[in-house]
Every structure is written in C-alpha cells, then in structure tokens.
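Residues take their numbers from the sequence shown, with the count starting at 1. Bear in mind that the values here come from a model prediction, so they are computed numbers and not experimental data. Both ligands and their constituent atoms are indexed starting at 1 by order of listing.
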Amino acid sequence: AIERTLSIIKPDATRRNLTGAINDRFEKAGLRIVAQKRLWLTRAQAEAFYAVHRERPFFGSLVEFMTSGPVVVQVLEGENAVARNREVMGATNPANAAPGTIRKDFAESIEANSVHGSDSPENAAIEIAFFFAGIEIVG
Ligand code: CMP
C-alpha cells in the first residue's frame with residue numbers, strides 16, 4: 001500500500017552539506033518527498049519528539065546532538081514507505097549497516113547517524129503530525 005513516513009536529515013548530515021545526496025537516495029528508491037522544511041530544533045522540541053527515549057542513557061546526549069545544528073524534516077511517500085525508508089537508511093549503528101545504505105555511507109556514529117525514519121505506520125502518523133500541518137503535505 002502507498003504509505004507516508006517521517007524522515008529527519010540530522011545535524012551531522014546538514015553540517016556536511018549532504019541534504020541533496022541523501023534526498024537522491026530516497027528518490028532513487030522510489031520515495032517521493034511530499035513535504036520538507038529546514039528547522040533548528042529547540043531543546044523542548046527535541047525532547048518532545050524523542051520523549052519515548054526519555055529514560056534511555058543516551059537521551060541527554062541525543063537531545064544535545066539534535067539541537068546542535070539545522071535538521072531537514074520531511075514526509076516521504078511511496079509503496080511500503082516506512083519499511084522501504086528503513087532499508088534505504090540501514091541499521092541504527094553504522095557499524096552494522098549494510099553496504100549502500102545511507103548510514104553505512106554517511107553516518108559518523110550510532111548517535112550522529114545522519115537520518116531518522118519512523119519505525120511503524122502508527123508512529124509515522126504521530127511523527128508527521130508533530131512537524132507538519134495537512135496543508136503542508138502535497139502528494
Ligand atoms: P533514531 O532512529 O533517530 O532514534 C533514536 C536515536 O538515538 C538514534 O536514531 C540515534 O541517533 C540515537 N542513539 C544514540 N545512542 C543510541 C543507542 N545506543 N541505541 C539507539 N539509538 C541511539
């Protein structure tokens with residue numbers, strides 16, 4: 001089925017001018033960028049977006065990292081978009097990511113791993129609504 005997923009190009013990638021290279025990976029995989037904006041997240045916004053990880057030992061460092069520079073938040077649309085995007089991203093830890101994936105090719109570390117993607121269609125709907133109004137998504 002045609003799905004939508006929430007993607008974030010993280011500060012390590014915007015800092016290295018990789019937005020276009022990463023978007024090229026998405027488009028070549030058949031994912032359409034149907035909404036996109038560049039933001040500098042506040043601490044409160046990063047804490048709210050990653051609230052599910054609040055008790056994890058890496059939470060404080062993750063919030064620091066995600067507010068260290070601009071991000072590009074986007075909605076990707078396509079057949080099986082949630083799973084397709086996770087394939088294109090590769091494993092969370094770039095050391096475990098398959099060859100040819102975004103994280104294998106671009107990520108700096110398990111934290112500075114260049115991209116975020118929703119992990120389920122249910123969370124995709126929640127994460128898309130966190131960043132975008134319906135009128136901003138043009139399929
Ligand atoms: P993301 O897919 O955005 O979801 C949570 C983020 O926490 C993850 O990518 C990484 O950027 C970061 N992170 C840092 N350390 C870890 C860890 N040990 N396990 C999982 N995620 C981590």
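Distances below 4.0 Å separate heavy atoms of N113 from the following atoms of ligand 1: 8 (C), 9 (O), 10 (C), 11 (O). Of all atoms in ligand 1, numbered sequentially from 1 with element shown, those under 4.0 Å from a heavy atom of H53 are 4 (O), 5 (C). Less than 4.0 angstrom separates some heavy atom of Y50 from each of these atoms of ligand 1: 1 (P), 3 (O), 4 (O), 5 (C). Within ligand 1, counting atoms from 1 as listed, the ones closer than 4.0 Å to a heavy atom of K10 are 1 (P), 3 (O), 8 (C), 9 (O), 10 (C), 11 (O).
A donor atom on one side chain and an acceptor atom on the other are found under 3.5 Å apart for N23 and Q74.
Using a 4.0 Å cut-off between heavy atoms, R103 contacts ligand 1 through its side chain alone, with no backbone atom that close. Contacts between I110 and ligand 1 below 4.0 angstrom, taking non-hydrogen atoms only, involve backbone and side chain alike.
I2 CD1: more than 12 foreign heavy atoms inside a 6.0 Å radius.
For the pair R84 and E77, the salt-bridge criterion is not met [side-chain N within less than 4.0 Å of a carboxylate O].
Put simply, CD on Q36 and CD1 on I9 are 6.0 Å apart, with the number rounded to the nearest 0.5 Å.
Nearest protein neighbour of atom 12 (C) of ligand 1, counting heavy atoms only, is L62 CD1, 3.7 Å. Among all protein heavy atoms, the one lying closest to atom 15 (N) of ligand 1 is F58 CG, 3.5 Å.
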Practice problem: Could you walk me through whether N123 and S118 pass the side-chain hydrogen bond (donor to acceptor under 3.5 Å, both in side chains) test, one step at a time? | Solution: CA-CA 6 Å; N123 284 333; S118 306; over 6 Å; no
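F59 has its ring centre no less than 6.0 Å from the ring centre of Y50.
Looking at ligand 1, you'll find an N or O of E111 within less than 3.5 Å of one of its N or O atoms.
Between I33 and the choices V138, V72, V75, L76, the side chain to side chain contact (heavy atoms under 4.5 Å, CB included) rule is met once, by L76.
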